[in-house]
Asker: 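Dropping the structure in here first, questions after.
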Amino acid sequence: MTQLTIPPDADEERATKLVQEHVEIGDVVEVRNQERTEGDAFDVTGTVTGVEPGYLELDERPPAEGSVRYDEIHTITKIDSE
């Protein structure tokens, strides 16, 4: 497992670039929007099916149904890769 934490001062463009350098199509990842100690955190786990403009596509779903916008990502962990 490898983990990437997006720096808090990263803008959307920088966050996008960091994520694109960290994951590949077919990787199984866990995405968190903030540190686990905070109340409204979300965890999303899925297979990367697209590195789209504006969001990371997981399991061929749009952002409203499980994929994650780059500017919402705090930490992304590769659980498995092809």
Asker: When rounded to the nearest 0.5 angstrom, what is the spacing between OG1 in Thr45 and CD in Glu30?
Answerer: 4.5 Å
Asker: By the salt bridge (Lys or Arg N to Asp or Glu O under 4.0 Å) test, which pairs, at least two apart or in different chains, include something from residues 48-65?
Answerer: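 Found Asp59-Arg61.
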Asker: Report the C-alpha separation of Ile76 and Leu18 in whole Å, then their side-chain angles, then the decisive distance to 0.1 Å, and conclude whether the side-chain contact (heavy atoms from CB on, under 4.5 Å) test is met.
Answerer: CA-CA 10 Å; Ile76 184 166; Leu18 289 170; over 6 Å; no
Asker: Search all heavy atoms of Ala10 against all heavy atoms of Ala15 and return the closest pair with its distance.
Answerer: CB-N, 4.4 Å
Asker: Checking Gln20 now: which residues fulfil side chain to side chain contact (heavy atoms under 4.5 Å, CB included) with it, not counting sequence neighbours?
Answerer: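 Counting only residues at least two positions away or on another chain, Gln20 forms a side chain to side chain contact (heavy atoms under 4.5 Å, CB included) with Thr16, Val51, Tyr70.
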Asker: Can you name the residues that form a side chain to side chain contact (heavy atoms under 4.5 Å, CB included) with Glu13, not counting sequence neighbours?
Answerer: Asp11
Asker: Could you pull out the closest heavy-atom pair between His22 and Thr2, with the gap in Å?
Answerer: CE1-OG1, 3.4 Å
Asker: Please check if Val44 and Tyr55 belong to a single hydrophobic cluster, counting links between Ile, Leu, Val, Met, Phe, Trp and Tyr side chain heavy atoms closer than 4.5 Å.
Answerer: no
Asker: Please round to the nearest 0.5 Å and tell me the distance separating atom CD1 of Ile6 and atom OG1 of Thr75.
Answerer: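 Result: 8.0 Å between the selected atoms.
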Asker: Shortest non-hydrogen contact from Ile79 to Val29?
Answerer: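 Heavy-atom minimum between the residues: CD1-C, 4.0 Å.
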Asker: Distance-only, no hydrogens or angles: does the Ser67 side chain make a donor-acceptor pair with backbone N or O of Leu58 under 3.5 Å?
Answerer: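 Checking the backbone N and O of Leu58 against the side chain of Ser67, a donor-acceptor pair under 3.5 Å is found.
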Asker: Under the side chain to side chain donor-acceptor pair (under 3.5 Å) test, which residues partner Gln3, sequence neighbours left out?
Answerer: Thr77
